[in-house]
Amino acid sequence: MTKKVLITGGTGLVGTALTSLLVEKGYSVTILTRDKNRTSLNSNITYSYWDINKGIIDQDELFSANYIVHLAGAGIADKPWSEKRKKAILDSRVEPIKLIYNRLKNNSHQLNAFISASGVGFYGAVTTNTIFDETAPAADDFLGKTCLQWEQAVDEIANLSIRTVKLRTGIVLAKNGGALPKMMQPFKFGLGVALGTGKQIMPWIHIDDLARLYCAAIENENFTGAYNAIAGNVNNKYFSKTLSKAINKPFWLPNVPGFMLKLFLGEMAVILLEGSAASNQKLLQTGFQFQFTDLEEGLKELVKEK
Ligand SMILES: NC(=O)c1ccc[n+]([C@@H]2O[C@H](COP(=O)([O-])OP(=O)(O)OC[C@H]3O[C@@H](n4cnc5c(N)ncnc54)[C@H](OP(=O)(O)O)[C@@H]3O)[C@@H](O)[C@H]2O)c1
């Protein structure tokens with residue numbers, strides 16, 4: 001029988017890539033979205049309206065799912081981090097899990113697995129020489145606390161004897177969304193530079209590999225708990241130089257001073273100015289194989305005209 005995957009926030013960058021791959025593999029996909037008018041042209045993809053604040057979720061869709069993938073969340077870098085925005089970033093990740101937990105706990109339907117996004121921000125927006133593995137504690141800053149509460153909500157689902165996986169994701173490199181198209185803008189105009197000290201580490205993953213990783217977490221029952229979902233760690237200067245090379249544009253010195261970014265972006269500038277390395281050893285031990293481990297190759301594949 002066709003297996004069904006329910007994806008929260010499946011209309012976004014990761015969800016779109018994952019949905020295509022799942023459908024290609026023969027799954028049926030239901031996407032929970034806040035958009036009431038969304039309709040599908042593909043019989044294997046269904047859009048189902050939900051309202052987290054009002055507790056609206058289609059029970060039939062929920063209870064017929066074999067797997068749930070939780071990707072919903074207000075964009076981390078979309079708006080400055082006011083207290084209101086920080087609350088929206090946290091609540092939009094944690095409240096959907098609580099809603100699903102409350103429905104699942106009173107129903108005998110046995111879900112095969114609940115797989116959630118998380119971020120390498122778990123380890124904090126800091127630049128250190130530490131290579132963080134999954135045993136490291138959450139940091140005490142905004143991203144660290146957010147990821148911790150997000151993951152603790154997932155752990156409640158694990159308490160229902162459901163296999164849970166938390167993918168602590170690095171910067172997702174994709175052609176049509178996420179950080180790369182924004183980062184590329186100045187580079188396209190020949191204004192490619194490093195940011196701040198240029199020493200901050202950028203753990204990265206190619207979108208195709210991330211979609212394959214979600215599929216692996218669905219299909220391989222040995223996946224359980226937290227994994228750093230990253231293909232490699234490079235510093236910002238290397239990343240910037242490699243991006244310039246991939247799009248055949250010049251790379252300039254000096255770097256953009258950190259204080260200027262802080263002036264424009266406020267606290268959120270830490271996303272660009274800080275970053276430590278994460279280890280993917282635990283992930284590799286599952287047998288997962290990346291298609292893209294070389295940044296230049298990954299970037300060239302993404303920026304080429306298709
Ligand atoms: N992209 C990255 O580089 C990256 C890195 C690390 C971690 N992650 C995490 O991975 C997950 C998926 O990332 P993504 O890049 O696919 O995100 P995305 O493109 O921003 O998509 C997230 C989806 O969440 C839904 N959403 C947005 N705001 C919401 C809110 N306030 N309440 C409920 N739902 C909301 C939207 O779907 P509807 O409008 O259809 O409801 C949206 O399409 C996120 O949790 C993200 O933090 C991403």
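When a ligand or atom number is given, it counts from 1 through the structure's own listing order. The figures here come from the full heavy-atom set of this structure, side chains too, leaving out hydrogens, waters and symmetry mates. Positions are given from 1, in the same order as the sequence printed here.
With 3.5 Å as the limit, one finds no donor-acceptor pair spanning the side chains of T33 and D35.
Applying the ring-ring contact (aromatic ring centres under 6.0 Å, His included) test to every pair with at least one member in residues 219-248, sequence neighbours left out, gives these pairs: F223-Y227.
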List, pair by pair, the atoms of ligand 1 and of the protein that are both N or O and lie under 3.5 Å apart, giving the separation rounded to 0.1 Å.
from: ligand 1; atom 1: 3 (O); to: V172; atom 2: N; distance (Å): 3.0
from: ligand 1; atom 1: 16 (O); to: L13; atom 2: N; distance (Å): 3.2
from: ligand 1; atom 1: 16 (O); to: V14; atom 2: N; distance (Å): 2.8
from: ligand 1; atom 1: 19 (O); to: L13; atom 2: N; distance (Å): 2.8
from: ligand 1; atom 1: 24 (O); to: G73; atom 2: N; distance (Å): 3.2
from: ligand 1; atom 1: 26 (N); to: R34; atom 2: NH2; distance (Å): 3.4
from: ligand 1; atom 1: 28 (N); to: R34; atom 2: NH2; distance (Å): 3.4
from: ligand 1; atom 1: 37 (O); to: T11; atom 2: OG1; distance (Å): 3.0
from: ligand 1; atom 1: 39 (O); to: R34; atom 2: NH2; distance (Å): 2.8
from: ligand 1; atom 1: 40 (O); to: T11; atom 2: OG1; distance (Å): 2.6
from: ligand 1; atom 1: 40 (O); to: T33; atom 2: OG1; distance (Å): 2.6
from: ligand 1; atom 1: 41 (O); to: R34; atom 2: N; distance (Å): 3.0
from: ligand 1; atom 1: 41 (O); to: R34; atom 2: NE; distance (Å): 2.9
from: ligand 1; atom 1: 43 (O); to: T11; atom 2: OG1; distance (Å): 2.8
from: ligand 1; atom 1: 43 (O); to: G12; atom 2: N; distance (Å): 3.2
from: ligand 1; atom 1: 45 (O); to: L71; atom 2: O; distance (Å): 3.4
from: ligand 1; atom 1: 47 (O); to: R93; atom 2: NH2; distance (Å): 2.8

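Between F251 and S240, the shortest heavy-atom contact is CE1-CB, 3.4 Å.
Figure legend: cation-pi geometry between K4 and Y67 absent, as NZ or CZ is not positioned both under 6.0 Å from the six-membered ring centre and within 45° of its axis.
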Going by atom type alone, with no hydrogens or angles, which donor-acceptor pairs under 3.5 Å involve a side-chain atom of residues 74-83 and a protein atom two or more places apart or on another chain?
from: W81; atom 1: NE1; to: I76; atom 2: O; distance (Å): 2.9
from: S82; atom 1: OG; to: R85; atom 2: N; distance (Å): 3.0

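The side chain to side chain contact (heavy atoms under 4.5 Å, CB included) check on D294 picks up E296, E297, with sequence neighbours excluded.
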